[in-house]
Every structure is written in structure tokens, then in C-alpha cells.
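Order of appearance sets the numbers: ligands from 1, and atoms from 1 within every ligand. Atom set for the values below is all heavy atoms of this structure, side chains included, hydrogens, waters and symmetry mates excluded. What you are looking at is a predicted structure, and each value in this text was computed from that prediction instead of being measured.
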Amino acid sequence: MSLSPKRIPADLLPIMDALTRIGRDVAGIIARGALGDSLSVEVGENSDGDGQKALDVMADELFEAALRETAVKYYASEEQEVVLDLGEGKYALAIDPLDGSSNIDVNVSIGTIFSIFEAKDGAEESFLRPAHEQVAGGYIVFGPQTGMAVTFGDGVLIYAMDPASGEFLLVEEDKQIVPSSKEFAINASNRRHWVKGARSYIEECEAGETGSKGKNMNMRWVGSLVAEAHRILTRGGVFLYPADERKGYENGRLRMTYECAPIAFLIEQAGGEAHDGVTRILDKTAPELHARTPLVFGSVEEVRSVKAHYEA
Ligand code: F6P
């Protein structure tokens, strides 16, 4: 077992054990970097036309194989067009096996994001439902340290992987996001395409103490959703991937089922908030498996301020 089981619902323990076991293996592969096989080579395209890297595909295969041995019946992956039926089981698991793949070969944090529902009758039906029905959501982050943040609907647990044993050890039991912060994250190169609410909020951030915020703000953009979420869980802040005018970005860039829903679940459980500019993410239902949604999440004060700009 690669996971210290404290506070994990017994039913979900074998699934969490499989996820962290593969997390440990993927961390090992990533840590070898250029000493191992080339991980960032393009090997194809996923269902939505995004380039697939060797590590995306490798991680997907490893997670799928390990989860076949658990109570996961339905497996939905960013790397696969349709939901797989893995056989008997009570759960449906959605996964982005390797998030932030543009950062694979630059030695910057990347991650795995997962979301678990109880399975319904029907593969897609098990995922196309309100996000607040998730029974677990979390990520594994592969950075200077490999760690995991997970919620089962009763607070956020933070684990750190001991590199010597590969075991994930519980290091924090009730992670809370500070309500107020001075840090925002957005891909500013898209500014000219943004919707009005996002643009006016960022203008207010940039005005700093000379504007209505009355405080100077700082900006960070890693380009890996997991790394941004981990930073925001750790020291607060706000993240925006708004809808914009580029073709294909009408609903932003990020996927509802295996990116936004689990991150929103974690963030709310840590006392933060997450919405799409208008609607709470956990009240949304993905219209199809790989659907995108705009995403704003983080410290309560900033997330509410973004909403006020959208409503203005
Ligand atoms: O899943 C897509 C992703 O790599 C996220 O991890 C990240 O937040 C985003 O895309 C980066 O987008 P951009 O390429 O616009 O910086």
C-alpha cells in the first residue's frame, strides 16, 4: 500500500491506493527526465484535437490498468474519446491523467486530476450530472515534491509522498484557503479576446493601490492547472480561465468533468469558491464528456469580486 489510509472512506481506499501507486510510478518516470524515454514527444491527438504527448498516453494506460482492479466501473479520461466500462463496480472515475503537458520537458510542476461519482445506469450518465454529486475530487502534483490534495466531502486532506518509500503520508487534515489575497493568475496574452467582466477585473488588479482595490496585486501563471490550484490552496489567490472570442474558446479552455469539477470541489471544501463568471461550478452539469467551462476559483474575496465585475 502506497497510502496512509487515515480519513479515507473504506469503500474508496482501494481506488485511492491505485491512484497513488500509479502516482508514485509516474513521479519516478518524470523525475528521470531526459535520462529516460522522451516524454514530451507528440504521439497523436485526443478527441478534441489537443496534441497528445507520450507521457499523457503512458499515464492514461497506467491509471486505466490499475483501476481495472478496483471498484471503478466507468473510466472517463481526457485521453479517450468515450467512457470505458471496466467491469463490475460501484464507481465512475473521470481523470486528466497528465495535466499541464506543455510543461513536461521544462521541469515545471504538472499533475493528475481525478473526480469520482457513484456510478449510475449508463456510462455517460454517470458523469453528465451536477458536479456537487461528486464523492471525491483531487489531484496529484508532480513538482519539487510529489503530493496529493483530495476531498471526500469532509474537508481537504493534503498528502506528501515520501520519496524513499513511495508512500503518501497525510500532512494536513483540514486545508483552508485564506479568504483574502494579493495574487491573481490568468494567461494575459489572451487579454484582447477576453469577455468584459474578466477584462475589467484584471484592470482593477493592475491598478493596484491607485484603483478601487486599494492594494497592489501580484501575478503568477504556471500553465499547469494543478500547480495553480496547489499554490492557491497553499497561500491563496485567484485563478481565471475565462471565455474568450477565439474559435473554440467560447467556454474557455478547461474541461468540466475532469478538470473544473474536481478542482471546484476541493476549493469549496477548503473554504474558497469557484464559478464560471455567473454560475457556481458545482451546480453545473457537463453537457457532454469533454465539454469546457470558463473557470474562476480561489480566495473568497477575489472570486466574489470577479463575479461582481461580470454582473456590472
Ligand atoms: O489542461 C489544459 C492546461 O494545460 C491547464 O493545465 C492550464 O491551466 C492551461 O491549459 C494553460 O493554458 P494556456 O495554454 O492558455 O496557458
Is the closest basic N to carboxylate O distance between [X] and [Y] below 4.0 Å?
X      : Y      : result
Lys307 : Glu273 : no
Lys90  : Asp11  : yes
Arg21  : Asp17  : yes

If you measure from each non-hydrogen atom of Glu228 to ligand 1, which part falls under 4.0 Å: side chain, backbone, both or neither? neither
Give the ring-plane orientation class for His230 versus Tyr139, where under 30° counts as parallel, over 60° as perpendicular and anything between as tilted. perpendicular
Which class fits the ring pair Tyr201 and His309: parallel under 30°, tilted 30 to 60°, perpendicular over 60°? perpendicular
Is there a nitrogen or oxygen of Trp221 sitting under 3.5 Å from a nitrogen or oxygen of ligand 1? yes
Ligand 1 to Ser224 polar contact by distance, N or O atoms, under 3.5 Å: no
Under a 4.5 Å cut-off applied to non-hydrogen side-chain atoms, are Ile104 and Leu98 in contact? yes
Considering only the protein, which heavy-atom contact is closest to [atom], and what is its distance?
atom                    : value
atom 15 (O) of ligand 1 : Tyr241 OH, 2.6 Å
atom 1 (O) of ligand 1  : Glu259 OE2, 2.6 Å
atom 13 (P) of ligand 1 : Asn187 ND2, 3.5 Å
atom 3 (C) of ligand 1  : Arg253 NE, 3.7 Å
atom 8 (O) of ligand 1  : Leu225 N, 3.4 Å

Below 4.0 Å from any atom of ligand 1, is there a heavy atom belonging to Glu78? no
Look at atom 4 (O) of ligand 1 and find which of Ala229, Gly223, Ala188 reaches it with the closest heavy atom. Gly223
For Gly100, the atoms of ligand 1 under 4.0 Å from one of its heavy atoms are 4 (O), 6 (O)
Per-atom filter on ligand 1: closer than 4.0 angstrom to a heavy atom of Asp99 are 1 (O), 5 (C), 6 (O)
Taken to the nearest 0.5 Å, the spacing of Thr146 OG1 from Arg24 CZ works out to 11.5 Å
Residue pair Lys73 / Gly87: nearest heavy atoms and the distance that separates them: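 Taking every non-hydrogen atom into account, CG-O, 3.1 Å.
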